[in-house]
Amino acid sequence: MTSSGLPGFRDFYPEDFALRDHIVSGWREVARRYGFVEYDGPPLEPLELYTDKSGPEIVDQLYTFVDKGNRAIALRPEMTPTLARMVGARAQALPKPIKWFSIPQLFRYERPQRGRLREHFQLNMDIVGETDVMSDAELVAAAIDAVRHFGLDSEDFTARVSDRGLIGIVLQEVGVPKGRIVEAILALDKAERQGDEWLAARLTELGVDEAGVRSVVDVREHDLDGLTAHFAGSRDVAEAADRLRAFFALMSDHGLSAYVTFDPRLARGLAYYTGLVFELWEREGRLRAICGGGRYDDLLAAVGGPDLPALGFGMGDVVLGELLKEKGLVPERQTSVDDFVVYVTPAQRSAAIRVARRLRERGRGVAMDYRGRSVGRQFRAADQLGASRTIVIGPDEERDQTASVRDMATGEEKVVPLIGLIEGV
RNA sequence: GUGGGCGUAGCUCAGUCGGUUAGAGCGCCAGGUUGUGGCCCUGGAGGUCGCGGGUUCGAUUCCCGUCGCUCACCCCA
């Protein structure tokens, strides 16, 4: 091979770009249906924007450099800090709730693998300035629809839902000190991969007694009712659970019950989530999470922005694209050619160009042969390009101001007046 | 960042127990006589056998390194 591009960065050949466009357009359409408006920010940001709040897991993997003005720069790894800044600057003026979406290209310096590159496009949908559980449900519904839009359904993927508020209260009940709740939640997330013994050791470290440890390990197997029963004595648990129940009821109103499951094992790695958290997973589980998000009511204030509650999710194009390819849901072929105009002899070239021009003015995609090859070869070119019609201009047509129009799918061909051809478009 | 597997034409792959012109299918290009595609036929282009070094009379084939891809770990958008 000759020189290749940077590892983890993609070249988009026309067929690749077609898939990317398919995904991005679909997302835009779904976001629009939910009443979100699009925004964007710069792909480069000051490094400090991320070092403060994002947590070490993101900072370790930043793409950074120093610019000619000696500024420390990062390629944006996520959109939320940019969103926080932008919303912050106009927080007073914007009607609430603020429902914004963006499809930024994001960058991470880490080892590329299947479904994880150093760059991807990510749909971000956020709602700022609303605490009602109805907004939680609508956001999750939008995330689910952003996947369903491409032809996947509850057979293919599922949404795991939990609530950090609830889990935090549970952890407090079993004896985790208040100041270490977030650590315990992150441990819970990590336990997915490390196993129960690791979790038990970690919880003991955090000051949980043996009974409490057992309780937490058990809790991970409970459904919502089981969980409330287990902590029947706790008013706080009951209240937090009620909010989740309300959430599931709303998901039912959205007609999406089949997609959502309570899963107390889900915690999400990022430190800033405060309430609802969710992830979309392919059912077969071979790929990574398709999407993840949740409520982060304290984040905007924490980064010096307005004190507004918020929630949002991110959904990348890489895993979703892999999934669509696997399921055969990638659109067939893309062509920009509607009509191919054939000229039979060089004498008709000018007339044919004029016809092409008039069709283009009407919005048709038109291609022609450049070299005056045989009619047969021109037809073959029309076929290769996927033209839906081939329009032949020969001596007869030129004389009669007509064109022979062939439907490439059916093979049906008829002679029509030029005027009719142009105006019939 | 750690460890394993892989790396031959645009794509999917064959092949060389080290030997002198590296193959197939698909794709691409040109023809198959002057007004019609999808089939077919003929011909052609295209490979420093990832890159660098070593062993050897000789390496695409063996060894080392490196880069890339990939899987697992790590981590997660």
Side-chain angles (χ1 to χ4, degrees), chain A residues 1-11 13-15 50 54-63 75-81 102-124 186 189-190 192-194 267-271 279-281 286-294 312-320 337 340-348 352 369 371-398 403-415:
Chain A
M1 301 306 107
T2 48
S3 70
S4 51
L6 289 169
F9 285 80
R10 294 170 288 177
D11 288 332
Y13 288 87
E15 61 271 25
Y50 306 106
S54 286
E57 60 279 348
I58 283 177
V59 173
D60 288 346
Q61 297 172 339
L62 283 173
Y63 237 109
L75 277 68
R76 60 182 174 194
E78 58 167 335
M79 202 56 181
T80 309
S102 189
I103 307 177
Q105 188 176 24
L106 303 178
F107 306 88
R108 287 290 177 83
Y109 196 90
E110 62 179 347
R111 186 98 159 226
Q113 255 180 58
R114 180 153 188 244
R116 175 223 270 171
L117 305 170
R118 285 183 173 175
E119 140 283 311
H120 75 160
F121 292 89
Q122 188 191 66
L123 169 65
N124 276 250
L186 295 180
D189 182 63
K190 212 168 173 177
E192 277 282 83
R193 304 175 290 269
Q194 302 289 341
R268 305 268 310 143
L270 291 178
E279 286 181 350
L280 266 41
W281 283 83
R286 281 167 298 120
L287 296 175
R288 301 150 58 76
I290 304 167
C291 161
F313 71 83
M315 180 184 299
D317 72 314
V318 179
V319 172
L320 182 59
V337 177
F340 193 99
V341 179
V342 169
Y343 50 108
V344 175
T345 78
Q348 283 82 52
D369 180 66
R371 280 181 284 165
R373 291 183 295 183
S374 72
V375 173
R377 294 294 147 182
Q378 292 190 54
F379 262 88
R380 190 181 290 185
D383 184 52
Q384 282 177 315
L385 290 168
S388 49
R389 301 191 304 182
T390 298
I391 293 161
V392 180
I393 309 293
D396 298 346
E397 288 87 348
E398 188 183 16
S404 297
V405 179
R406 183 178 175 92
D407 183 307
M408 294 300 276
T410 64
E412 189 189 336
E413 186 167 326
K414 54 190 171 189
V415 177

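In the text below, chain A, chain B and the rest are named by the order of the sequence lines, each starting its count at 1.
One C1' atom belongs to C63(B), the other to U56(B), and the distance between them is 12 Å to the nearest Å. For C76(B) and G1(B), the C1' atoms lie 15 Å apart once the distance is rounded to whole Å. C73(B) sits 25 Å from C13(B) when the P atoms are compared, rounded to a whole Å. Across the P atoms, G50(B) and C11(B) are found 13 Å apart, a figure rounded to whole Å. A9(B) and C29(B) have their C1' atoms separated by 15 Å, given to the nearest Å. Straight-line distance between the C1' atoms of C69(B) and C51(B): roughly 15 Å, to the nearest whole Å. Taking the C1' atom of each, C49(B) and U60(B) are spaced 4 Å apart, rounded to whole Å. Comparing G18(B) with C62(B), their C1' atoms are spaced 8 Å from each other, to the whole Å.
Gln384(A) has a side-chain polar atom (N or O) that falls below the 4.0 Å cut-off from OP1 or OP2 of C28(B). Here Arg373(A) reaches the OP1 or OP2 of A30(B): one of its side-chain N or O atoms lies under 4.0 Å away. Between Arg380(A) and the phosphate of G31(B), there is no side-chain N or O to OP1/OP2 separation shorter than 4.0 Å.
Counting atom types as modelled, Glu413(A) pairs a side-chain N or O with a base atom of U36(B) as donor and acceptor under 3.5 Å.
Applying side-chain contact (heavy atoms from CB on, under 4.5 Å) to Val344(A) and the options Ile393(A), Asp396(A), Val392(A) leaves one that passes, Val392(A). With Asp317(A) as the partner, the side chain to side chain donor-acceptor pair (under 3.5 Å) test is satisfied by one option alone out of Gln105(A), His120(A), Arg10(A), Gln122(A): Arg10(A).
Nearer to the 5' terminus of RNA chain B, by closest-nucleotide assignment, is the contact made by Val392(A) (compared with the other of Glu279(A) and Val392(A)). Heavy-atom nearest nucleotides on RNA chain B were determined for Arg118(A) and for Ile393(A), and the one closer to the 5' end corresponds to Ile393(A).
Straight-line distance from the CZ atom of Phe340(A) to the P atom of G38(B): 14 Å, rounded to whole Å. Across the protein-nucleic acid pair, Arg389(A) atom CZ and G38(B) atom P stand 21 Å apart, rounded to whole Å. In this structure, the CG atom of Asp407(A) is 14 Å from the C1' atom of U36(B), given to the nearest Å. Spacing between atom NE2 of His120(A) and atom P of A77(B) amounts to 9 Å, rounded to whole angstrom units. Between the CG atom of Asp383(A) and the C1' atom of G37(B) there is a distance of 5 Å, rounded to whole Å. Distance CD (Glu78(A)) to P (C76(B)): 12 Å, rounded to an integer number of Å. Distance Lys414(A) NZ to U36(B) C1': 17 Å, rounded to the nearest Å. Per the geometry, CG belonging to Leu385(A) stands 14 Å off C1' belonging to G38(B), to the nearest Å.
Counting non-hydrogen atoms under 4.0 angstrom, Asn124(A) reaches nothing in the nucleic acid. Counting any heavy atom pair closer than 4.0 Å across all strands shown, Leu117(A) reaches a base atom. Backbone-only engagement by Gly376(A) is indicated by non-hydrogen atom pairs under 4.0 Å involving sugar-phosphate atoms exclusively. Arg76(A) comes within 4.0 angstrom of no nucleic acid atom, judged by non-hydrogen atoms across all strands. Gln348(A) comes within contact range of no nucleotide atom at all, as no heavy-atom separation falls under 4.0 Å. Among the atoms of the strands shown, none is found under 4.0 Å from any heavy atom of Gly292(A). Contact annotation for Ser404(A): base contact, defined as any heavy-atom pair under 4.0 Å involving a base atom. Within the 4.0 angstrom heavy-atom criterion, only backbone atoms of the sugar-phosphate kind lie near Gly8(A); the bases stay farther away.
Taking every heavy atom of both residues into account, Ala382(A) and Met408(A) meet most closely at CB-CE, 4.2 Å.
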**Report entry** Watson-Crick or G-U pairs under 3.5 Å in RNA chain B, rendered as dot-bracket with [ ] for crossing pairs and | for another strand
**Finding:** (((((((..((((.....[...)))).(((((.......))))).....(((((..]....))))))))))))....
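Side-chain proximity of Arg406(A) to the nucleotides G35(B), C76(B), U36(B) is greatest for U36(B).
Both tests hold for Arg118(A) against Tyr109(A): distance to the six-membered ring centre under 6.0 Å, angle to the ring axis within 45°.
Using a 4.5 Å heavy-atom cutoff, the side chains of Phe379(A) and Arg406(A) are in contact.
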